[in-house]
Every structure is written in C-alpha cells, then in structure tokens.
Amino acid sequence: MPAIRPYLRLIALVTALLGLAACTTPSNVSVPAVTTVHMAGDSTMSIKDVKDYPETGWGVPFATFFDESIQVVNHAKNGRSTRTFIEEGRWQVIMDALKPGDVVFIQFGHNDESVSKKDRYTTPEQYSNNLKRFINDVRAKQADPILLSPITRRYFNEDGTIKHTHPYADLSRKVAASEEVVFLDMEIITREYFQKLGDKDSALRFMHIPADTHPNYPNGVRDDTHLNNMGAREVAQLVLAELKKQQHPLVKRLRTADPKHLKLSY
C-alpha cells in the first residue's frame, strides 16, 4: 500500500493541472463578444409547433446563416400585431434582454391591417406609432433596429401580377423614412420574386398541400399567406441578399463555409 501512494499523489496532481488548464483562457486570446439578433414579428417570421409543419417562418432558416458570434432569438408569434405584441408583454421581454450593439428585426402588418379581426386589428395611426416606439426603444438601449415591410401574400391577378394586399406596407415605408432607420422593403422584394416564379411555381413555396398527403392536414390546405420550408428558406435568402446590398455589418458575421462545399457550384 505505501508503494502505491506516490502514484496516487501523481495522478491527483496531473488531474488538478489538467483541470486548471481547461478553466484558464490565455491572456493573449480574445473571446469574441456575442451579438444577439432579436426578431419581433408575426407568423410569417415565427418558429412553429410540430403540429403546424411544414408551415415555416422565414426567421427559422435565417438563424442558421451566422457564425458563433451571433445569437438569433426569435420572439415572433403567430397572429400578433404591433398592438398585441406590446399588450402581451412580448416587446418588454426583448427590452429586458437587449444590450448595446444588439440588433432587432421588426416586421409586422399582416395582423395589424386585419379589420375583421378585432382581437388583433390596429389602426393605421396606432401601427405607425407602434413602429416608431419600437425603433426609438431599441435606439435608447444603444442597439440597432431594422424595420421590414410585411412579406407579400400570394394572390395573382388575371394578368399574372400579384395583387397588392398590404395597405400597411406604405405606412412602414413612411415610418422608415421619417425615422431614418435601416429598412428592408420585403413586400416589394417578395412580391417581385414570387411574381417572377409565376402562379404554379410560387405555390410550391406556400402552404399548398393536397388532401391525404400530410398527417397535419388530412383534408389538405391552400394557404397563400404562410410559407412552407422551401418558401421560408428562399425568403430568408432574400432578406440576406438585401442586407448585403445595403452593406449591413451583420453580413460580416456569416458562417464560414465547409471547405468541401467550396468545391461545389451551380
């Protein structure tokens, strides 16, 4: 037994040194600060329950675009307008977590403009004032707001153009101009994109599911407001393309491609 003790002491010493090394960061190694990207919006942006798949908010694939220095927190929720997002305390959750240098994406309109749905409807004046409040609240926290107009609905005219179904999109444009905020006009960008695809191909990006093909929708569904997996990914890519066009600092924080993917091309 006495002969074993020196070995036990040596093992204990090595274990302690390894633990110390694991817990110590060299003074010459800088740990990058993490920026949080908060997403405030409605169902077209939000994370879905499994029971609603393949419906997908564009904020879900968007969150995968960035490196480890960016944390995306998606606060968007189905059926919310600017008014109900405030009343339910969802905006306050963002304010409580917001720190200097963070970014907040703000995209509402689908539910604010729904006059027939009194539980969510917001008057044009309220909508504009709420957007201004969001922008100013974020700036007061020394964070960066990004305002987006709502993505298009998919209703085609007989001439092959998509109908304008967002009367509040112009209000978001006016707020963006008056507040001099970074603005992504996703209503125009998505309308032009899906219009170019045409009626048949654009339907593949929305919730169009025949009966008896998906367990979540046994009777099928034809929904020209909500995106499926492919539509969400493509809208997220359109958002990223617009950020690149405007040379927003976030595009410097994209993930590094896997080397094997650099051998691929389209």
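Using modelled atom types, one side-chain atom of Asn130 and one backbone atom of Gln126 make a donor-acceptor pair closer than 3.5 Å. Side chain of Asp49 to main chain of Asp52: no donor-acceptor pair is present (N/O by atom type, distance under 3.5 Å, no hydrogens or angles). Side-chain N or O atoms of Arg205 include one that pairs as donor or acceptor with a backbone N or O of Asp201 at under 3.5 Å. At distances below 3.5 Å, not a single donor-acceptor pair connects side-chain atoms of Arg255 with backbone N or O atoms of Phe65. Proximity of a side-chain donor or acceptor of Thr64 to a complementary backbone N or O of Pro61 within less than 3.5 Å is detected. One N or O on the side chain of Ser128 and one on the backbone of Pro124 form a donor-acceptor pair closer than 3.5 Å. Checked by atom type and distance alone, the side chain of Asp102 never pairs as donor or acceptor with a backbone atom of Val37 at under 3.5 Å. Without hydrogens or angle criteria, His166 side chain to Ile151 main chain gives a donor-acceptor distance under 3.5 Å. A distance-only check finds no donor-acceptor pair linking the side chain of Asp42 to the backbone of Phe108 [under 3.5 Å]. Judged purely by atom type and a 3.5 angstrom limit, Gln107 has no side-chain atom pairing as donor or acceptor with the backbone of Met186.
Counting heavy atoms from C-beta outward, Tyr217 and Arg222 have side chains that stay 4.5 Å or more apart. A 4.5 Å side-chain heavy-atom check between Ile106 and Val104 finds at least one atom pair inside the cut-off. With contacts defined as side-chain heavy-atom distances shorter than 4.5 Å, the pair Leu184/Val239 qualifies. No side-chain heavy atom of Asn228 sits less than 4.5 Å from a side-chain heavy atom of His208. You'll find the side chain of Lys77 stays beyond 4.5 Å of the side chain of Glu88, heavy atoms only. Looking at Tyr193 and Leu238, their side chains come closer than 4.5 Å, going by heavy atoms from C-beta outward. Taking 4.5 Å as the limit, every side-chain heavy atom of Ser69 sits out of range of all side-chain heavy atoms of Val34. Residues Asp199 and Phe194 form no side-chain contact, since every pair of their non-hydrogen atoms from C-beta on lies 4.5 Å or further apart.
Between atom OH of residue Tyr53 and atom CG of residue Asn216 there is a gap of 10.0 Å, rounded to the nearest 0.5 Å. Residue Leu240 holds its CG atom at 5.5 Å from CG of Leu254, rounded to the nearest 0.5 Å. Thr82 OG1 to Arg90 CZ: the interatomic distance, rounded to the nearest 0.5 Å, is 14.0 Å. In this structure, OG1 on Thr84 lies 12.0 Å from NZ on Lys117, to the nearest 0.5 angstrom. Remark: Gln247 CD to Lys244 NZ distance equals 12.5 Å, nearest 0.5 Å. Distance CG/Asn229 to CD/Glu234: 11.5 Å, rounded to 0.5 Å.
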field: Intermediate values then yes/no, side-chain hydrogen bond (donor to acceptor under 3.5 Å, both in side chains), Arg120 and Ser114
entry: CA-CA 7 Å; Arg120 61 192 68 175; Ser114 297; 5.8 Å; no
task: Go through the steps for Phe156 and Thr161 under the test side chain to side chain contact (heavy atoms under 4.5 Å, CB included), then give the verdict.
output: CA-CA 6 Å; Phe156 277 83; Thr161 59; over 6 Å; no
message: Please evaluate residues Asp223 and His226 with respect to the criterion side-chain hydrogen bond (donor to acceptor under 3.5 Å, both in side chains), reporting the C-alpha separation (whole Å), side-chain torsions for both, the decisive distance (0.1 Å), and the verdict.
response: CA-CA 6 Å; Asp223 179 349; His226 297 100; 2.7 Å; yes
- prompt: For Val72 and Thr36, what are the C-alpha separation, side-chain angles and deciding distance, and is it a side chain to side chain contact (heavy atoms under 4.5 Å, CB included)?
  reply: CA-CA 6 Å; Val72 179; Thr36 302; over 6 Å; no
query: Checking side chain to side chain contact (heavy atoms under 4.5 Å, CB included) for the pair Leu227/Met207: CA distance, chi angles, key distance, verdict?
result: CA-CA 6 Å; Leu227 304 165; Met207 287 291 290; over 6 Å; no
field: Test log, rule side chain to side chain contact (heavy atoms under 4.5 Å, CB included), inputs Asp96 and Leu98
entry: CA-CA 6 Å; Asp96 290 344; Leu98 201 59; over 6 Å; no
- request: Take Lys174 and Ser172 through the side-chain hydrogen bond (donor to acceptor under 3.5 Å, both in side chains) test and state the conclusion after the steps.
  value: CA-CA 5 Å; Lys174 291 177 181 177; Ser172 69; over 6 Å; no
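Hydrophobic clustering (ILVMFWY, side-chain heavy atoms < 4.5 Å, transitive): Val73 and Leu250 are in distinct clusters. Hydrophobic cluster membership differs between Phe105 and Val181, with clusters built from Ile, Leu, Val, Met, Phe, Trp and Tyr side chains linked at under 4.5 angstrom. The hydrophobic clustering, which links ILVMFWY residues whose side-chain heavy atoms are closer than 4.5 Å, places Val235 and Phe206 together. In the hydrophobic clustering of ILVMFWY residues, with side-chain heavy atoms under 4.5 Å counting as a link, Val251 and Ile146 come out together. Residues Met45 and Val60 do not share a hydrophobic cluster, defined by chaining ILVMFWY side chains whose heavy atoms lie under 4.5 Å apart.
By the 30° and 60° cut-offs, the orientation of the rings of Tyr121 relative to Tyr168 is tilted.
Taking both residues in full, the closest heavy atoms of Ser43 and Glu55 are given as CB-OE2, 4.4 Å, listed atom of the first, atom of the second, then distance. Nearest heavy atom pair, residue Ala40 against residue Ile94, reads CB-CD1, 3.8 Å. Between Ser178 and Val175, the shortest heavy-atom contact is OG-O, 3.0 Å. Between Phe85 and Gly41 the shortest heavy-atom distance is CE1-O, 4.0 Å. The minimum heavy-atom distance between His214 and Pro54, with the atom names listed, is NE2-CD, 3.6 Å. Closest approach of Arg253 and Ala33 over heavy atoms only: NH2-O, 3.7 Å.
When the ring-ring contact (aromatic ring centres under 6.0 Å, His included) test is applied to His75, the partners found at least two apart in sequence or on another chain are His38.
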All N/O donor-acceptor pairs, side-chain side in residues 132-145, below 3.5 Å, sequence neighbours left out:
unit_1	atom_1	unit_2	atom_2	d
Arg133	NE	Asp137	OD2	3.2
Asn136	ND2	Lys132	O	3.1
Asp137	OD2	Trp91	NE1	3.0
Arg139	NH1	Glu179	O	2.9
Arg139	NH2	Glu179	O	3.0
Arg139	NH2	Glu180	O	3.0
Lys141	NZ	Met95	O	3.2

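Defined by atom type and a distance below 3.5 Å, a donor-acceptor pair is present between the side-chain atoms of Asp112 and Thr122. A side-chain N or O of Ser46 and one of Lys48 form a donor-acceptor pair less than 3.5 Å apart.
By the 4.0 Å N-to-carboxylate-O rule, Glu187 lies close enough to Arg191 to be salt-bridged with it.
Atom NZ of Lys99 has more than 12 heavy atoms from other residues, nucleotides or ligands within 6.0 Å.
Partner Thr152 forms a side-chain contact (heavy atoms from CB on, under 4.5 Å) with one of Thr225, Ile188, Ile189, Ile162 and no other, that one being Ile162.
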